[in-house]
Amino acid sequence: SSSSDDDTTTTAASGGDTATTTEASGDDTPTTTAAAAETTTTAAEAMPGEGVSVGMAFDIGGRGDQSFNDSAAAGLEKAITDYGIDTTELEADAGGENREENLRLLAEAGNQLLIAVGFAFAEGVTNVATDFPDTFFGIIDDGSIDLPNVAGLVFAEHEGSALVGAAAALKSESGTIGFIGGVSGFGLIEKFQAGYEFGAQQINPDIEILVTYLSAAPDFAGFNDPAKATESALGMYDEGADVIYHAAGGSGAGLFEAAKSFSESSSSKVWAIGVDSDQYNTVDPAVQEFILTSMIKRVDVSVYTTITNFLEDNKQSGVLVFDLAADGVGYSTSGGFVDDIVDQLDALREQIVTGELEVPTEPAG
Amino acid sequence: MTADLHEPMVEAKNGSFKWSRWGRFLAIFVVAMIALSAIQEVAGTTQLTSSGTWGAALRLTVPILLAGLGGLYSERAGVVNIGLEGMMIAGTWFGAWAGWQYGPWWGVVLGVVGGAGFGLIHAIATVTFGVDQIVSGVAINLLAAGAMRFLSVVTYTIGTGGGATQSPRIQDFIQTFDVPLLSPFLQSIEDKSWFFFSDIAGILGGFTTTVSWLTVIGLLAVPVSSWLLWRTAWGLRLRSVGENPWAAESLGVPVLRMKYWGVLISGGLAGLGGAYLVLVQAGIYREGQTGGRGFIGLGALIFGNWIPAGVLAGAGLFGYADALRLRQATAVHALLLLIAVGLVAFALWKVYKKSYGSAGSMAVFAILFFLWWLTTDEVPTEVVTATPYIATLLVLSLASQRLRMPAADGIPYRKGESH
Amino acid sequence: MTENDRAVELVDITKTFPGVIANDNVNLSVGLAEIHAIVGENGAGKSTLMNMLYGMIVPDSGEIRVRGEVEHFRSPKDAIDHGIGMVHQHFMLADNFTVLENIVLGFEPRSGLTIDFKEAREKIIDLGSRYGMTIDPNTLVEHLSVGQRQRVEILKVLFRGASILILDEPTAVLVPQEVDELFANLKVLRDNGVTLIFISHKLDEVLSVADSITVMRGGKTVANVLPSDVDAGQLAELMVGSELPVPETTDSTVTDTVALRVEGITHRSPDGRTLLDDVSLSIHNGEIVGIAGVEGNGQSELIDALMGVIRPDAGSVELDGTDISQDSTMKRHELGLGIIPEDRHRQGLLLNAPLWENVMLGHQSQPPFVKGPFIDMKGAKSATEAVVDRFDVKTPNINVPALALSGGNQQKLIVGKEMMANPNVLIAAHPTRGIDVGAQAAIWDELRDARRAGLAVLLISADLDELIGLSDTLLVIFDGKIVASLNPAEVTPEILGSYMTGVGQEVAS
Amino acid sequence: MKVGNLFLSLLAPISAIIFSLAVGALVLLIVGIDPIDAFGQMVTFSADSTSLASSINKAVPLYVSAVAVAIGFQMNMFNIGVEGQYLIAAMFAGWVGTNVVLWGPLHITAIILTAVVVGAIWAGIAGALKVTRGVNEVISTIMLNFIAFSVIAYLLANRFAVESTSLNLSTGKLPESGLLPDLNFLITMFGFAEPRGIAIPGFLVIAVLLGIGYYVLVWRTRFGFDLRISGMNPGSARMSGVNPKKMIFYTMLISGGVAGLVGLSTLVGKLGAYTQDFPRGIGFAGIAVALLGRNHPIGMALGALLFGVMDRAALVLKLEGIPEEIVVIIQGVIVLAVVVAYEIFGRIIARREVRAAADALENLDTGAGVTA
Ligand SMILES: Nc1ncnc2c1ncn2[C@@H]1O[C@H](COP(=O)(O)OP(=O)(O)OP(=O)(O)O)[C@@H](O)[C@H]1O
Ligand SMILES: Nc1ncnc2c1ncn2[C@@H]1O[C@H](COP(=O)(O)OP(=O)(O)OP(=O)(O)O)[C@@H](O)[C@H]1O
Ligand SMILES: [Mg+2]
Ligand SMILES: [Mg+2]
C-alpha cells in the first residue's frame, strides 16, 4: 500500500487489519483490532472520549524532537480531535531519572490510560502498573512486561526496513548502499540494519552494504550528533554508495545535508532514506528532494489504536506487534520518488505479510 | 610531542632562515608518507590518504581545534577552563538560532558571542571573585546545558520544525569552495592510484576541495594565535599573566584585564567551534550535539603543550581517527598497523637516543598492536569511540614530564597580593 | 637644599593593613642623583613605603612628590610613566620567558603591530654594556643564577628609562663579591644621573655605598643621617632602639659521641646535573656545625637527603650509630631528627590550619598528638600551649590559623615545636630568617641552651654573622661539594665569601 | 567571634540560594511566567510524604557522590571521574550480585564490596598516573569517564546483559538477598502517610554511616590529618613525614571506592539491576553538592537534600505548563553563586581573624609584660 501520511491511517482504520498478539500475557485473547474504530464521528454526536483522561509520559527530549516523541504526540493529538479526550503530558528529565515518578504522578492524577513513550519506561511501568491495577498502560517499544493492565506496543522495524532496503537496492545504480545507525549495542538499531540488509539482498544478492554506527550504548550521543552523520554519509557516498538509510534519530539531519551537498558537488544525485516518520514532510524543503522514502514506524498509530481500544473497552494486555501486516510499519511515498518501484515493493511486502519471507532481526555475521 | 617546549619563534634567528629545520621536516614527512602508502597497500584500503578522509578529518578537527585554542588563550592567561564544553554548547545554540533567523554568518557572530557570554561568567567568577577555576568550569557546563535547553523550549516552539531538543534547519550553510586548478589537478592524480603520489594528492586534495570558509577561518586561527601571542605586545602581556601575574602587575600590565581577555576569547573560540558544528556540518542545533568535543579540545591543548601548532596536531589526530572510523569503520583496522609501525619507528629513535628502557616498552606495544592487527578483522565500535580519550591518556602518561603548562595556570590571582 | 633638587619626597604617608599600621606619618626626602639607603628592622615598613612610591599600594593619607610635583599613583604603570622603577625584594620574573621578554614586558617597542625584537635586543645589549651588566637576551630566565636575575631586574627598570630606581633588599641573596659588583654598578648609575633608593638591613653595606640614610622603626621614620656622621653601632641603635645583639657561642660543649654521620652522599637531578657531590660530615652531641654557601649550591638537597625527602643516588646517613638511609621521613622524625625548614611557608606551616595542628606537623605519629590511629586533640592542644608559653609566641589563642601570626611568631612556633620534641639532632635552616632582632636573640639563646644540653645541630644559614657566631665548626658548600672546613673563631666574612663563590682554594679537611 | 564567623559561613549559601532564586524568577518573568506562582506550586507539591521520600531517594546518591568528591577536595584533588567510577562500579556490582549468590548478609556485602573495589580501581588508574607519570587528575579522570562509558558499552552488550525481550539491556535482577529493605517506617511511625510508589532507600543507613566515617576519617584520625595537610601544603606535609604520592594514590582509591557506592542505592534498592538507562550525571551533580556543603558532612547532606527537593519539585512545573528547565538553571546558578559567596565571606572571615589576632596581641602587649 502506498503510505503517505493520510493514506496509512485510513488504511489502518478502515482495513480492520489485525495486530498479532504474542502469548506473553497468557491472556485468552490472541488478536486485537489494531485499527482505529470508524468513529470519525459527526460533530453533533457526543464525543466518545469526553471525560476520559489519558496521560502521556514522554522520554528525554519530549515533544518537538522531530522523532519518536513527536510521533507519539501526533497519535495523541489525533485522538483528542477524534474523541475529545482529556490529556496530561510529562517528560523525562535530562538524566532520565524521573521516568517512574512521572508515570506515578500521571496515575495519581486520575488518568485512566497511561502511555509511556519508550522502552526505558519498562521498569517504571512495571512498578506503577502493579500499584494501579485499575489504570491501563501502554508502553512503546517494550514487550517485556507481563501484567494484565499493560499493553506492550512493539514494532516490526525490521520488516519496514526490509522494504526500504529493497527500495535502496532498486534505486542504486552503483550496487553499493549504506546504513548509518545511531547507537549500537542495545539491539534496537541492529533490527533496522538487519531488515535493511535483508530487503536489499532480496533485490540484489551481491549488493554491497556499508554500515557505520555513530556511538555505542550507553553513550547515546550518536542519536544527537548530526555532524558525525554528515561525515559518515559523505564517506559512504565517496565509497560509491548512492542510497543511505539512517536509523540515527536526530543525527539523521546530517545525512540529508550530506546527500544534498554530495549531490550538488558531484553532480550525480544520491539518495537518503529517512526513518520513524515520513521525514519528507518534516524536513526543510531544501533537502526534501533527496529523501527517497522513509521507513515509517507508526508510533502514532500505536498510540491512537491503544486509545481507541481503551475507549471501546477493549483493553488488550500483552504484546501488540505493529508489523507490516498491521500497517504499524511501512514506507512513505511522499515526493513520488519511489512511484516507479511501488509494485516491486508491494510484492515484497506481500511476501513478508504472508510469512513467505521471514525478515531476520539480527544482522547476519 | 610534536611541538617544542618553548615557542622559539620569537624571531627568525639573524636572517639565517631555518633550512635545516625545514629540511628535517620534509625528510620526516616523505618517510612517513612512504610508510603510510605501504601500510595502505598491505592493509588493502585507500581511506588512510583519500581526499575524502582528509576533508572529513579537517571538518572534524576544526571544532576540537577551536575549543583547544579557546583553552589556550584562557590557560595562557592563567585561567583553567574546563567550561569549554558548556561554552561550545552555547555556541551551537546561538549559532543555530542566529543562523536560522538571520543567516549563517550571523550564526557565526552570535555563536562567538554566546560562547563569550559564558566566558564572561567564568571570568567574573574566577578573575574577579577568585573562585576555584575547575569549580566554576564544572558549574558552567551544568548551567550552559540547562540554559540552552530552556532557551530551546522557549524559542523553538512547535511549528518551527524545532523543539525542546533541536532547532529548525538552518537554511544556508557557510559557503564552500574548491581551490581552482589545484583541486581538480589533485583529484586527477589521486584517481590514478599511484603509489605515494596519489596518496599525497589525496591528502592535499582534502585541504583544497569543498572547503568551507569557516574551516579556513578555523585553520587561520592557528597562525594568527601564534602571531598574536608570541609577536605582539598584547600577546606577551597575556602570556605574562599566565606565567607570573605578580611580575606583570609590577610592570604595569593590567593583569585582571588581560585575564578577562583570555577567558573571553576562550569562550568566543569555543562558541565558534560550536557554531561550526551547526553551520558547516550539521545544519541544525541538536541537544547534546557537542558530544564532549570541548573536553577533547582540552585534551588537544595539553597534548599540544599549550602551543597553537601543538593544539592543531592534537585536534588533528582526534579528527583524523574519527574521520576514518566514521567514513569506513573497517579502515580503522589499518590504523592498528600504522600505530605498530609508528611505535617501531619511535622505539628505534629511542635506541638511537640510548634510552633502551622506553625503547623496549615501545617495542612490546608495537608487537601487541601488530598482533592485534593480525588476529582481528575489525576494531569494536566501543574501542574506536574511546580512541581519542585513550590517546590523550597515553600521551599524557608518556610525555607529561615534558609538557610545560603556564607556570601560574590555575592559580588564583588577587591584585596587590603577591605570593 | 632647594625644593628643586629633590627627586622624591614622601610627606606624612600613612598606610594601615588590617591590624597593622605599616607606615605611620612617614617622611622621606631623596635628592637627585644620590644613593639613598633606607634601613630598618623586619616589618619596619620599608617595603610598604616603597610599594606606595611605586604605585603598587595606594597610601591612606599623605602626599607623594616626584621632582617637586604632587602625584597620585594608582598603579605601577603611573609610577613607570614618571620614570620610577623598582626591583622587588622577591624577584618578579617569569621563569619561562626569555630575558628579553621579561625586560620588554609592558614597555614593548613596536614596529607596526608586532614587538620590535631587534630594537629591543640592541637596546638591552647596549644598556648592559654601558652599565657592565651583560646578559644574553635570548636565554630563558629559569637558567639564570640569582645574580644574573637581579641584573635582569635592573635592566628591566633601566630599559624603561627610569631615572629613579628603587631596590628592595638587593643584596640579601648575593655573595660579597656580587655585592661589590652591584655597588659598582649603582655608582655608575648614580654618576649617570640616576637616583637610587635602596633598602637593606646590612649596615656595613649601607655605610659604604649610600650618600644619605633614612632609618625606619615601627612604621615611622626615626632619623635621616649622613654616612659620614654615624658608625654601624649608632645606626644599629637607631634601628632597634637598643644595642644590636650578636650571636656568640660560649665555651665549647662538643662531646665525643657522633650524633649524625653523613657519608659520601651524591645526588643527581633527573637531567643529570650533580646536585650533591660526595658530601660527608659528622656532628657530635653538643656541637653546632654550620654550613655556609650561596643559596642553590646544594643546601636544599642536603636537607632533603638528610630528612629522607629525596633518596640520594649514593651515600649513607647514620643517626646515633644506626643507619637511617632507608628510613622514611616519618621514621626519622620518630628517631629524633628535628627540622626547622628553609622556607617556613612552603615547608614548615599550614597557614590556614590552627596553631595546634601546626605544632603536630612532623610529630603526628607520636604521643601526645595521637592515640593509635586517632588524633589526640587534648594532648595536641596542651603541647601547643606549652610551646606558646615557653617560646613566647604572641597569639591570642592556639586555635587561630597560623596566617594570623606575624612572621617572627610563626618562626618561633616552628622552632619551639621542634625544640620541645627533644630531638637528638636538629637541622636548622635559616632559623632566624626574616624575623626581628628580639626574636632572633631568643632563638639563638634556645639553640645555645639545647647545645649545652647535648643537642647536635646542623645550622644552615645565609647570615654569615649568625654562622660564625654560633658554629663550632664551619663548612662551606659550593656546587654540591663541601669545599672547606673552617674554624669560626678565625674566619672573616670575606674569607668565607671567597670559598662560597668558588674562589677559595683550601681543600676540605 | 566564633559565632559571628559561623553566622557568616551560613550566610554564604543562604545568600547564594536567594540570589539564584532571584535569577530564576527573573528568567521566568522574562518569558512571561509568574515566578511566585511557580515557586508556590513547587513548595506545595514538595510538602508530602511521597515527595519527601522521593527527595531523599534523589539525595542519597547525590550525597554519596559529594562525599567521594569531597575526599578528593580535602587534598586539593579533583575527582571529576566520579561519574565513570560509579557507573562502571554499579555494573560490575550488578553482575556479581546476580552471578555470585551467597548467604543473605554476605551477598549484599559482596555486592557492596565489588562496587567499592571497582570504583577504587577505576579511580586508582588516575591516581597511579598522577603519582608515577605526573598526569593531572582532572584531565585523566575526564578521559577515564569517556573510556568507562565505552567499557560499559562493550561489557554490558557483549558479556553482562541477560537475555530479555526488553531493549533496555540489563544485568540480571538481584535476588532478595542482594537488596536492602526500604525505610518507610521512618515516615509511617510518625503517623504520616506511607509514601506512594517510592521508598526511603535502605541505603540511607549506609550513606549516614558513610558521612560519619568520612568525618571521623578526615578530622579525627592521623590518616585524615595527613590527607588534609597534603592538600593544604604539600611541601610542609612532605617535610613532616607524609609521602604525598602515597596520599594522592590513597585519596584517589578512597574517593573512587566511595564513588563506587553512588549507584548502589539504586542498584540494591528499587531497580535491582544495572540497566542501560541507569541514572547518569550524579557524579557531576555531586561536585556541585560538595561545593554547596563545603565538604562538610552535614553541609553536604543539606545540599544533597536541597537538590533532591528541587528535582522532585520540578516535576510539578511541567504539569503546570512551566518549563522545568528553570530548575536546572537555578541549580547551576546556585553552584556558581555559592562558590562566589564562600569566596567573599571567606575573605571577610580571614580578615577578621587576622585583625582579631592582631587586636588580641595588642592587648597582650599592653597587658602583662611577656617578654623573651
Ligand atoms: N599586604 C599586607 N597585608 C597585611 N599586612 C601587611 C601587608 N604588607 C605588609 N604588612 C605588614 O606591614 C608591616 C610592614 O611590612 P613591610 O613589608 O613594609 O616591612 P619591611 O620593612 O619591608 O620588612 P622586611 O625587612 O622584612 O622586608 C609588617 O608588619 C607587615 O606584616
Ligand atoms: N601592536 C600591538 N599588538 C597587540 N596589542 C597591542 C598593540 N598595540 C597596543 N596593543 C594593546 O592595545 C591596548 C592599548 O594599546 P596602547 O598602545 O595604548 O597600550 P599601552 O598600555 O599604552 O602600552 P605602552 O605603554 O606600551 O604604550 C593595550 O592592551 C595593548 O596591549
Ligand atoms: Mg618583608
Ligand atoms: Mg621589605
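Throughout, protein chains are lettered first and strands after them, A, B, ... in sequence-line order, and every chain is numbered starting at 1. Source: prediction; values computed, not measured.
- In summary, of the residues considered (C:I135, C:V99, C:T139), a side-chain contact (heavy atoms from CB on, under 4.5 Å) with C:Q148 occurs for C:I135 alone.
- No part of C:E153 comes within reach of chain B, as not one of its non-hydrogen atoms sits under 4.5 angstrom from that chain.
- For C:N51, no part sits under 4.5 Å from any heavy atom of chain B, backbone or side chain.
- C:S111 and C:E119 share no side-chain donor-acceptor pair at under 3.5 Å.
- A salt bridge links C:D313 and C:R268; the closest N-O separation between the charged side-chain nitrogens and carboxylate oxygens is under 4.0 Å.
- C:L105 touches chain B through backbone and side chain together, each having a heavy atom under 4.5 Å away.
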Q: For the pair C:F198 and C:E169, evaluate side chain to side chain contact (heavy atoms under 4.5 Å, CB included) and give the outcome as yes or no after the intermediate values.
A: CA-CA 7 Å; C:F198 96 97; C:E169 292 193 38; over 6 Å; no
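- Heavy-atom distances place the side chain of C:H88, and not its backbone, under 4.5 Å from chain B.
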